[in-house]
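Comments concern the structure below.
The shown structure was predicted, so the numbers you read here are calculated from the model rather than taken from an experiment.
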Amino acid sequence: MTNRLPIALTLGDPAGIGPELAAAAWRELRSTNQTFFWIGPASLIEGGVPVNRISAPAEADSVFAHALPVIDMPCHAPVVPGKPDPLNAVTTVASIELAVQFALSGEAGGVVTNPIAKHVLAQAGFPYPGHTEFLAALCKVPGREVMMLASPELKVVPVTIHVSLRHALDSLTSERIETVTRLTNAALKRDFGIASPRLAMAGLNPHAGEHGMMGTEEQTIIMPAVERLRSLGVNVSDPMPPDTMFSATARPHYDAAICMYHDQALIPLKTLDMAQGVNITLGLPIVRTSPDHGTAFDIASSVTSTAGRASASSLLAAIRIAVEMSQHRLGAKK
């Protein structure tokens, strides 16, 4: 067990595909050392794969080869696949809280979060717009959270995240660009083992503003951040035209792209590789990844169903990246 801790996998919305994906991921990884345990109702897994209820993460490694380790956390209302119930939001949230607690205490190597339904949690009074902001609050670093989307071909980091496009443009500042880029640079070194990261800075406007003819934000907001970052030793490009920087010829020249708003980052990544896209939260004291898809209520089924329509590829990628990041962090501590 050198340089390895089990990964905590959260429940997500119990009426979604989370339970099915947890079982599928165990089937795929049970003969590997990429150990994880699930926090949720054991009854949602039973019948599909063998389950071993555990009381602490340290027990996961010894049972993982022959059963899915589960920290049993029953729901408050009956779970009907495809039909979310706000009464079960309490369990969804509690699963996240416990996973973060294990990661902060050093009992888990990181947290992988199954998909949640934001509107269902909102109906139950959940005050956060999503996982990312909630995790930052639990880790006591609100405002430092940075979202990275990663696939084998591309890593992207949006400066503004879950806000309207109009709000994103209004809230874009040199200071925010600098903060996000510095955290990205540090994470590439610490969590991915890239000694000298190369960062591509996206422009905001068509053709990166075309020298001010199509917008001046590149000159007034982005370049001041770039110059400050370079003075701190960060290897970052001038603002690049967003319509060409994600091409096959451009991507090999950088390790991650800093993007100005949500869709500028996510559209190219999901177009290139939706199946293996992984959501990673940078800026936290813990490792956190998540599959890059939603709850898929329309295809949710019990684990015993023969349908099996939900693909576990993104969850598997999220677990594998969480293991990789955890190992880098553990190695850095030695």
Side-chain angles (χ1 to χ4, degrees), residues 109-110 132 136 141 143-161 172-204 208 218 221-242 244-262 264-266 268-269 272-273 276-290 292 317-318 320-334:
T132 304
V141 289
R144 283 182 54 84
E145 67 273 16
V146 171
M147 184 173 75
M148 171 184 280
L149 277 294
S151 73
E153 294 189 61
L154 179 65
K155 292 181 177 68
V156 293
V157 178
V159 174
T160 60
I161 310 178
L172 189 66
T173 65
S174 299
E175 292 75 18
R176 181 61 183 167
I177 293 170
E178 181 185 335
T179 296
V180 167
T181 307
R182 289 176 66 180
L183 288 169
T184 302
N185 189 62
L188 289 171
K189 292 179 179 180
R190 178 183 62 178
D191 297 332
F192 294 93
I194 301 174
S196 300
R198 303 163 301 163
L199 299 174
M201 185 69 71
L204 174 67
E218 286 76 13
I221 297 175
I222 302 176
M223 272 309 299
V226 167
E227 291 167 356
R228 170 66 177 163
L229 288 161
R230 287 174 178 165
S231 74
L232 297 172
V234 179
N235 182 0
V236 59
S237 74
D238 285 354
M240 300 174 67
T244 59
M245 66 182 289
F246 301 108
S247 68
T249 55
R251 294 196 306 273
H253 297 287
Y254 58 82
D255 299 301
I258 308 298
C259 302
M260 297 302 106
Y261 55 93
H262 183 278
Q264 187 185 62
L266 272 65
L269 182 129
L272 284 168
D273 197 346
Q276 295 193 71
V278 176
N279 186 338
I280 304 168
T281 304
L282 311 180
L284 303 179
I286 64 171
V287 169
R288 181 265 174 157
T289 69
S290 180
D292 189 25
R320 288 167 176 150
I321 287 183
V323 170
E324 175 190 347
M325 293 172 67
S326 172
Q327 290 176 336
H328 278 299
R329 290 198 184 193
L330 288 169
K333 292 178 180 180
K334 292 190 173 183

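The minimum heavy-atom distance linking P197 with N235 is given by the pair O-CB, 3.4 Å. The two residues P285 and V141 have their closest heavy-atom pair at CD-CG2, 4.1 Å. Pairing each heavy atom of M201 with each of V236, the nearest pair is CE-CG2, 3.8 Å. Contact detail for G277 and S151: the closest heavy-atom pair is CA-CB, 4.4 Å. Heavy-atom minimum distance, S326 versus V287: N-CG2, 4.0 Å. Across every non-hydrogen atom of P239 and G203, the tightest pair is CB-CA, 4.0 Å.
Between the CZ atom in R190 and the CG atom in L183 there is a gap of 9.0 Å [rounded to 0.5 Å]. In this structure, CE in M147 is found 11.0 Å from CD1 in I280, a value given to the nearest 0.5 Å. With rounding to the nearest 0.5 angstrom, the CE atom of M325 is 12.0 Å from the CG atom of L330.
Residue R176 forms a side chain to side chain contact (heavy atoms under 4.5 Å, CB included) with just one option from I221, T181, V159, and that option is V159. D191 pairs in a salt bridge (Lys or Arg N to Asp or Glu O under 4.0 Å) with only one of the listed residues (R288, K155, R329), which is R329.
In this structure the side chain of V156 reaches within 4.5 angstrom of the side chain of F246, judged on heavy atoms. Here the side chains of R228 and I177 are not in contact, with every heavy-atom distance at 4.5 Å or above. Looking at E153 and Q276, their side chains never come closer than 4.5 Å, going by heavy atoms from C-beta outward. By the 4.5 Å heavy-atom criterion applied to side chains, L269 and D292 are counted as neighbours. Residues H328 and E324 are in side-chain contact: their nearest non-hydrogen atoms beyond the backbone lie under 4.5 Å apart. Between L199 and L188 the shortest side-chain heavy-atom distance falls below 4.5 Å.
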Given V278 and M148, is the side chain to side chain contact (heavy atoms under 4.5 Å, CB included) satisfied, shown in steps? CA-CA 8 Å; V278 176; M148 171 184 280; over 6 Å; no

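Of the charged side-chain nitrogens involved, at least one lies within less than 4.0 Å of a carboxylate oxygen, so that R182 and E178 count as a salt-bridged pair. Look at D238 and R230 and you find a salt bridge, because one of the NZ, NE, NH1 or NH2 atoms lies within 4.0 Å of a carboxylate O, short of that distance.
With hydrogens and angles disregarded, a donor-acceptor distance shorter than 3.5 Å links the side chain of E218 to the backbone of L204. Of the possible donor and acceptor atoms, none in the side chain of E227 sits under 3.5 Å from a partner among the backbone N and O of A225. No donor-acceptor distance shorter than 3.5 angstrom exists from the side chain of S237 to the backbone of A200, with no hydrogens or angles considered. Although no hydrogens or angles enter the test, the distance criterion places a donor-acceptor pair under 3.5 Å between the side chain of T179 and the main chain of E175.
Listed by chain and residue number, nothing satisfies the salt bridge (charged side-chain N to carboxylate O under 4.0 Å, His left out) test with D273 (two or more places apart in sequence, or in another chain). Partners of Q264 by side chain to side chain contact (heavy atoms under 4.5 Å, CB included), not counting sequence neighbours, listed by chain and number: A202, P242, C259, M260, Y261.
Around CZ of R144, the count of heavy atoms belonging to other residues, nucleotides or ligands within 6.0 Å does not exceed 12.
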